[in-house]
Amino acid sequence: MNETGIPKTYAAEDWEDALYRKWEESGFFNPDICIKAKVTAADAAPYSIVLPPPNVTGSLHSGHAAMLAIQDILIRYHRMRGDRTLWLPGTDHAAIATQSRVEKNLIEQEGKNRYDLGREAFLQRVEAFAQQSHDSIIHQTKKMGASLDWSREAYTLDEKRSLAVRTAFKTMFDDGIIYRGYRVVNWSVAGQSTCSDDELVHIEREAILYTFRYSKEFPIPIATTRPETKLGDTAVAVHPDDTRYQQYIGQTFTADVGAEKPLEIKIIGDPAVDPKFGTGAVGVTPAHSQTDFEMYERHPDIALVQVIGQDGKMTAAAGTGYAGLTTLDAREQFVAWLRTNDLIEKEEDVVQNVGTSDRFNDVTEALPMRQWFIAVSKEFERDGKTVTLKSLMQDAVRDKKIAILPERFEKTYFHWIDNLRDWCISRQIWYGHQIPVWYKKQPATDNGQRTTEEIYCGVEPPKDREDWEQDPDTLDTWFSSGLWTFSTLGWPEQTEDLKTYHPTSVLETGYDILFFWVARMILMSEYLLGEIPFKTVYLHGLVRDEQGRKMSKSLGNILDPLDVINDHGADALRLALVIGSTPGNDLKLSDEKIIASRNFVNKLWNMSRYIALAVPTAPTAAPEAKTLSDRWILSRLSELTDAVTSLLDHNHLSLASEALRDFTWNEFADWYIEVHKIEKNDAVLVFVFNTLLRLWHPFMPFATEAIFQTFNPGRNDLLMVAKWPEHMKTRDEEANAQFTALQGLIAALRNLRAVYRIDMKVPLQYSPSSDSALFRENAPLIERLARATVTTAQTVSAQARIINPLFDASVPLESIIDIEKERARLLAEKASAEKYKAGIEGRLNDERFTSKAPAHILEQNRTALRETEKKIAELASYIENLAA
RNA sequence: GGAUGAUUAGCUCAGUUGGUUAGAGCGUCACAUUGACAUUGUGAAGGUCACUGGUUCGAAUCCAGUAUCAUCCACCA
């Protein structure tokens, strides 16, 4: 503390919580209140972002922190611009992720699984966990300074969002876009649920590739890494044009494989088979391979035999001796049998890719099941055109209705859509939106299976409820997430919010969920609303540690946002996450970076401290440029304002923050504040600083607001809703050029001291040439900043001038330590200049260059040539004098 | 196997539609600084822009190929 009463360092912890409370209480996070309070015009252009809802599986990590920082910057900027700005918060129930997390805890702590508790009791546990997790997420979000409109908070599983989900489902069901189909899906044995193709994580694994024949008589050898599935083979496919096997197409062979009943294998021709690969023949297992299932659909005459069950064990259909075995045991047994019967032709070690379930961490089985799907390739009419969900997703981006940042992800997006299959949306888990489909109860048939079913699909349950049974499955969590941009705004009701804020302005999220989420939102919005969900997709990268590794618990390199905030403040974290990060590229976050940001926040704080000290009462006069320095700083401020505004308009947050930092530190603090100590133009100083506070506010809301409050004690207005600086007409190229020259001179004079080790108490003598009015007029600055005495040219001795290569200055001759050293330096400089000159001359004498280069390039070269020649002449004369 | 991206100073990265001695921050070194600043200021050193060709008057930038790394996708039995 000192006489200003302002601490020497910015203590974030003393400010942040109180400031956030103050913002929240002001109500200005809510655009409606902004309009009521006339902070925003009623007819202002809307600007909206819907927060990607964090999963209620735990707490926020640094990726979330980056997301919050980026979005809050955009939101605060637009709010200050006067836009009708809405940032809508929410959380995601994250079905599988949350359920498996809770079940894992349950098993660890109580040794029970979900079936031991039963659906209802288990769901209560999940909800309690979700609530707790939700609360901690909200707490962390507020700690980041996120200016979200909490009055509109949503949850993917709350009443309104559930209604949206059921409405969406029913609409798509009625249109035939959602259908129930029997096909091969990815089944997680550990999780006892399906997972979608996108949720599979492929990992490499070593395996043995067996090449074998079903029997001695069987004409074609086939290869497999999973022999046990071969018990379910019903066909062998070859390419129809393959002359080796053509003759067998259409024949059926029986093969005794040591199971109860022999396999019936039909040879089929299918162009999907690559005759050059392996043996050129594929054993077709329709029940346990997606491709084989597709072949099965193309060839109705072959059978489907399911030999692996949902429990991951062999079914009765595999035959006695196999039924009940695990797949691994069955494999061993079958291979042993093949060996004894001498049917194996080759065994090779190969590396294969297997799909594992992301959530349950086990290798998935391909099983045929009856599940719910969304038909992405089904044609339907829309505005008189035949379209599919795929084409709707493609067109939104192809027609530039949606821009993806960075652009390269558009290619990835299209590539993904091209390979997209129907989306399996039903999950056999409990936590989530239960499918709004009911089946009419029927007397059980002999085998306990339904034969024909009466199906009801509705937003509400059927009236005679007791006669119906709801489908026990729940929906893929991405189904409800896909509705997020409009379910949060009140859809299916046609609310004012929906009309005002949809499509939203920007969707900001990590590139890792481009497919999971971004594409699905486009699908849902296009289908259900007939419009895009957002205009711009801003993809941020992954936050990694300083060595570029992913942050993970096992590596112990996690930076907890809350810890960082406690140690260094939210603003420091926000800056560290934004500076130097570009869309789509991963961001390395290190202590060093956070500390550098923290230092900058502190620097800004101390600038305010200087101002409070030097200008105790705020000037009332309008800023008026009295000197060159004033003209310069106002000119630069004007350029900065335009640059930052334009950069933020184009979502270039990093560049905007860098421009701000460079100006604030290198120009305002290092130069203008020093100038102010001499020239004392309070009005300009305060004006520039106030403008800077507003420009900085989106990036570091807490510190700027804290400074603002300190400056304006007793006032109730908030920097948060101050007006964004407008374009200023103070740009002045001449002042920029002159001040740069002045800076160069001062720097050079200071350098002279260092080079010649001149005692600070001995004044450097600087005598401007008779024509440099600029330097004479700014003599006080030069004297103070360079500790030089400005004298007239006459007083400078001839000897002294010798050693100054760049300008007329005088230093005491005895200070020169090594004249030879200086000569060598000058010679080197001259040589380099000569080389440069030769390069330019070469170009200018080359007719190809002069005839083709544009005029301004030629002019640039001529000017450079003139200046270099002048410099060489000067250097030559100094060297000559130095020798004498 | 396919796709996308990256490769620039010791480290982390900028480098806009090709335009002429390649930039910043951190780090290093030198000097100064304790009167807004857990400092800060001024300056210096440091780069054959991964490699090889090509296009061009001119290439870090465009094209082709090579290498290394990363990520995503994929039903190769």
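In what follows, chains carry the letters A, B, and so on, assigned in the order in which the sequence lines appear, proteins first and then strands, with residues in each chain numbered from 1.
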Using 30° and 60° as the class limits, which term best fits the ring planes of [X] and [Y]: parallel, tilted or perpendicular?
X: A/F218; Y: A/Y214; result: perpendicular
X: A/Y10; Y: A/W605; result: tilted
X: A/Y248; Y: A/Y245; result: tilted

task: Specify the closest pair of heavy atoms between A/S289 and A/A366, including all atoms of both residues, with the distance to one decimal.
output: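 Between these two residues, the closest heavy atoms are N-CB, 4.0 Å.
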
task: Of all the heavy-atom pairs spanning A/N861 and A/I840, show the shortest one and how long it is.
output: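 Here A/N861 and A/I840 meet closest at O-CG2, 3.5 Å.
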
The side chain of [X] is closest to which nucleotide in this list: [options]?
X: A/I673; options: B/A36, B/C72, B/G2; answer: B/A36
X: A/T412; options: B/C72, B/C37, B/A36; answer: B/C72
X: A/R848; options: B/C57, B/U71, B/C37; answer: B/C57
X: A/L209; options: B/G41, B/A77, B/A14; answer: B/A77
X: A/R598; options: B/C73, B/A77, B/A38; answer: B/A38

Rounded [atom1] spacing from [N] to [M] in Å:
N: B/G27; M: B/U68; atom1: C1'; value: 26 Å
N: B/U61; M: B/A22; atom1: P; value: 15 Å
N: B/A59; M: B/G18; atom1: C1'; value: 6 Å
N: B/C75; M: B/U7; atom1: P; value: 31 Å
N: B/A45; M: B/A64; atom1: P; value: 39 Å
N: B/C11; M: B/U17; atom1: C1'; value: 32 Å
N: B/G19; M: B/C26; atom1: C1'; value: 31 Å
N: B/G15; M: B/G54; atom1: C1'; value: 24 Å

field: All stems with RNA chain B, defined as three or more consecutive Watson-Crick or G-U pairs under 3.5 Å
entry: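 Only these stems qualify: B:1-7 with B:67-73, B:10-13 with B:23-26, B:28-32 with B:40-44, B:50-54 with B:62-66.
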
- prompt: B/C72 P sits how many Å from A/W517 CH2, rounded?
  reply: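 In whole Å, B/C72 P and A/W517 CH2 are 19 Å from each other.
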
Nucleotide B/C72, atom P - distance to CD1 of A/I417 in whole Å: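 One finds 19 Å between P of B/C72 and CD1 of A/I417, rounded.
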
Any [X] side-chain heavy atom under 4.5 Å of [Y] side chain:
X: A/T224; Y: A/F212; answer: yes
X: A/W696; Y: A/F600; answer: yes
X: A/I872; Y: A/K830; answer: yes

message: Ring centres under 6.0 Å, that's the criterion: do A/F708 and A/F711 meet it?
response: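 That pair fails the under 6.0 Å test.
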
Would [X] and [Y] pass as an ion pair if we require N to O under 4.0 Å?
X: A/E365; Y: A/R226; value: yes
X: A/E674; Y: A/K677; value: yes
X: A/K870; Y: A/E867; value: no

message: Is there, by distance only and without an angle test, a donor paired with an acceptor across the side chain of A/K603 and the base of B/C37 below 3.5 Å?
response: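 Side chain to base: pair present.
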
query: Given that A/K593 and A/I611 both sit by RNA chain B, which one's nearest nucleotide is further toward the 5' end?
result: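 Looking at the nearest nucleotide for each, A/K593 comes out on the 5' side.
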
So which protein N/O to nucleotides 18-22 of chain B N/O distances come out below 3.5 Å?
unit_1 : atom_1 : unit_2 : atom_2 : d
B/U20  : OP2    : A/Q860 : OE1    : 2.9
B/U20  : O2'    : A/R843 : NH2    : 3.2
B/U20  : O2     : A/R843 : NE     : 2.7
B/U20  : O2     : A/R843 : NH1    : 2.3
B/U20  : O2     : A/R843 : NH2    : 2.9
B/U20  : N3     : A/R843 : NE     : 3.0
B/U21  : OP1    : A/Y836 : OH     : 3.1
B/U21  : OP2    : A/Y836 : OH     : 3.4

Can you give me the N/O atom pairs linking the protein to nucleotides 74-76 of chain B at distances under 3.5 Å, or say none if there are none?
unit_1 : atom_1 : unit_2 : atom_2 : d
B/A74  : N6     : A/N353 : ND2    : 2.2
B/A74  : N1     : A/N353 : ND2    : 3.2
B/C75  : OP1    : A/R421 : NH2    : 2.9

